[in-house]
A.B. asks: 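Please read through the structure below; I'll follow up with questions.
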Amino acid sequence: MRRTVLACAIALAATGTATGVAVTRWPVTGPQQTRNAQPAAREHAVPLMPPVPPPGGPRRFDRTTLTKVVKSYLARRPGRAGVMVTDLGTNTSFGVGEHGRFVTASIMKVDILASLLLQRQRERRGLSAGERAMAAEMIRLSDNRAAYALYSAAGNGAGVARSNKRLGLRETEPYPTGWGSSKTTPADQVRLMKALVSPRSPLSAANRRHVLGLMGSVIGEQRWGISAAARPGERVAIKNGWVPLHVQGTGWAVNSVGRITAPGHDFLVAVCTQGHPSMESGVETVEHVADLAVSALRRAAPAG
């Protein structure tokens with residue numbers, strides 16, 4: 001069954017009708033069940049880091065070892081990847097290849113919505129009822145038609161680029177018209193996540209809650225990716241994207257960005273990959289790298 005659903009997702013992506021992956025971690029019912037692919041096979045992802053020490057045990061973040069572990073894992077994987085994680089709870093950050101540029105696919109949809117909200121905020125007005133509905137479809141369902149409409153409303157690439165300067169993004173290149181062909185870096189995606197959580201953000205508290213609320217209610221099939229690093233009971237806000245490349249490279253681009261909120265920790269995570277022979281291969285890399293990085297950062301002592 002999983003092979004059949006994956007084949008359907010690949011066919012949709014090849015015709016330009018999908019740019020996100022659907023992987024579920026719990027039973028999903030209803031018409032959305034076959035929109036996207038099922039979970040990546042992670043049986044071959046061998047744990048490379050020691051387990052997190054129990055409460056009261058030593059708490060240490062070994063950056064040097066983690067860097068070696070992540071690089072060693074990626075050296076055995078197809079394509080290339082970059083990861084950036086910032087834990088606001090401990091003021092600790094980690095990255096490998098975080099300034100490498102990757103095709104965005106559907107993770108660009110978060111930038112589209114944040115940019116449009118910032119523009120409307122400056123104009124002292126909000127989204128129309130129709131735009132709010134499209135925003136929900138764009139983030140929660142990864143609907144592409146809604147994304148094109150809202151990208152146009154935000155001024156396409158030029159308009160989003162202007163908003164990105166205010167949001168603090170420095171390494172993202174919005175494509176003039178085709179939002180999915182934009183390029184970004186894991187470091188810039190974490191900057192965008194910071195703009196969604198920081199009280200010093202140019203976005204109002206209400207607009208930040210709007211975006212994060214949609215990311216926190218993404219349909220079950222699309223909650224793969226950085227969510228692999230979350231533990232039971234932790235809150236995850238997420239947006240994923242995938243697309244087979246033909247002009248801007250070869251293989252698959254598979255990305256996952258978002259936030260994991262845990263006791264004593266607030267992880268902002270971005271993993272971007274490119275050049276995988278299959279979507280499933282990309283998902284496996286994204287999930288394993290996210291798990292490695294977040295698990296290691298859990299060892300850092302709380303800030304303050």
Side-chain angles (χ1 to χ4, degrees), residues 1-14 17-26 28 32-48 70 73-85 96-97 100 102-110 139-142 180 184 186 189 215 218-230 236-245 249-260 267 269-295:
M1 176 62 180
R2 196 176 84 188
R3 293 179 180 272
T4 301
V5 177
L6 178 60
C8 292
I10 293 173
L12 286 173
T17 58
T19 55
V21 178
V23 175
T24 181
R25 298 187 175 282
W26 47 81
V28 177
Q32 295 298 335
Q33 193 165 6
T34 59
R35 286 180 66 97
N36 295 294
Q38 294 299 307
R42 302 183 66 221
E43 310 86 53
H44 306 297
V46 179
L48 299 176
V70 171
Y73 172 74
L74 292 178
R76 302 193 302 273
R77 299 296 295 166
R80 62 187 181 91
V83 56
M84 181 73 188
V85 181
V96 166
F102 299 84
V103 175
T104 61
S106 281
I107 62 171
M108 188 65 184
K109 292 169 181 174
V110 178
I139 301 297
R140 297 189 64 249
L141 308 181
S142 203
T184 193
Q189 288 301 301
M215 294 177 67
V218 165
I219 59 173
E221 302 101 296
Q222 296 188 24
R223 297 188 70 81
W224 59 272
I226 65 141
S227 58
V236 178
I238 193 170
K239 186 71 194 82
N240 298 322
W242 88 95
V243 68
L245 301 176
T250 58
W252 287 75
V254 181
N255 310 315
S256 182
V257 302
R259 180 190 194 188
I260 300 172
F267 300 107
V269 190
V271 184
C272 298
T273 72
Q274 195 163 315
H276 291 279
S278 68
M279 179 177 64
E280 190 171 38
S281 171
V283 173
E284 184 176 345
T285 295
V286 166
E287 293 195 336
H288 193 60
V289 169
D291 194 20
L292 283 175
V294 171
S295 294

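Both backbone and side-chain heavy atoms feed into the values below; hydrogens, waters and symmetry mates do not. Numbering of residues begins at 1 and proceeds along the displayed sequence.
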A.B. asks: Ignoring hydrogens, what is the shortest heavy-atom contact between Ala105 and Val243? Give both atom names and the distance.
C.D. replies: CB-CG1, 3.9 Å

A.B. asks: For the backbone of Pro277 and the side chain of Ser281, can you confirm whether one donor and one acceptor N or O come within less than 3.5 Å of each other?
C.D. replies: no

A.B. asks: Taking all non-hydrogen atoms of both residues into account, name the closest pair between Gln189 and Thr184 and its distance.
C.D. replies: NE2-OG1, 3.0 Å

A.B. asks: Restricting to ring-ring contact (aromatic ring centres under 6.0 Å, His included), what partner residues turn up for Phe102, sequence neighbours left out?
C.D. replies: none

A.B. asks: Once rounded to the nearest 0.5 Å, what's the spacing between atom CD of Gln222 and atom CE of Met215?
C.D. replies: 12.0 Å

A.B. asks: Look at the side chain of Asn255 and the backbone N and O of Val103, then say whether any donor-acceptor pair between them is shorter than 3.5 Å.
C.D. replies: yes

A.B. asks: Taking side-chain hydrogen bond (donor to acceptor under 3.5 Å, both in side chains) as the test, write out the residues that go with Thr285, two or more places apart.
C.D. replies: Arg77

A.B. asks: Which heavy atom in Ala81 sits nearest to a heavy atom in Leu74, and how many Å separate them?
C.D. replies: CB-CD2, 3.8 Å

A.B. asks: Please say which of Ile226, Val257, Ile238 ends up in a side chain to side chain contact (heavy atoms under 4.5 Å, CB included) with Val269.
C.D. replies: Ile226

A.B. asks: If we only count heavy atoms from C-beta on, is the Ser142 to Lys239 side-chain gap below 4.5 Å?
C.D. replies: yes

A.B. asks: Using the test side-chain hydrogen bond (donor to acceptor under 3.5 Å, both in side chains), find all partners of Arg80 that sit at least two apart in sequence or belong to another chain.
C.D. replies: none

A.B. asks: Might you point out which heavy atoms bring Cys272 and Ile107 nearest each other, and give the distance in Å?
C.D. replies: SG-CD1, 4.2 Å

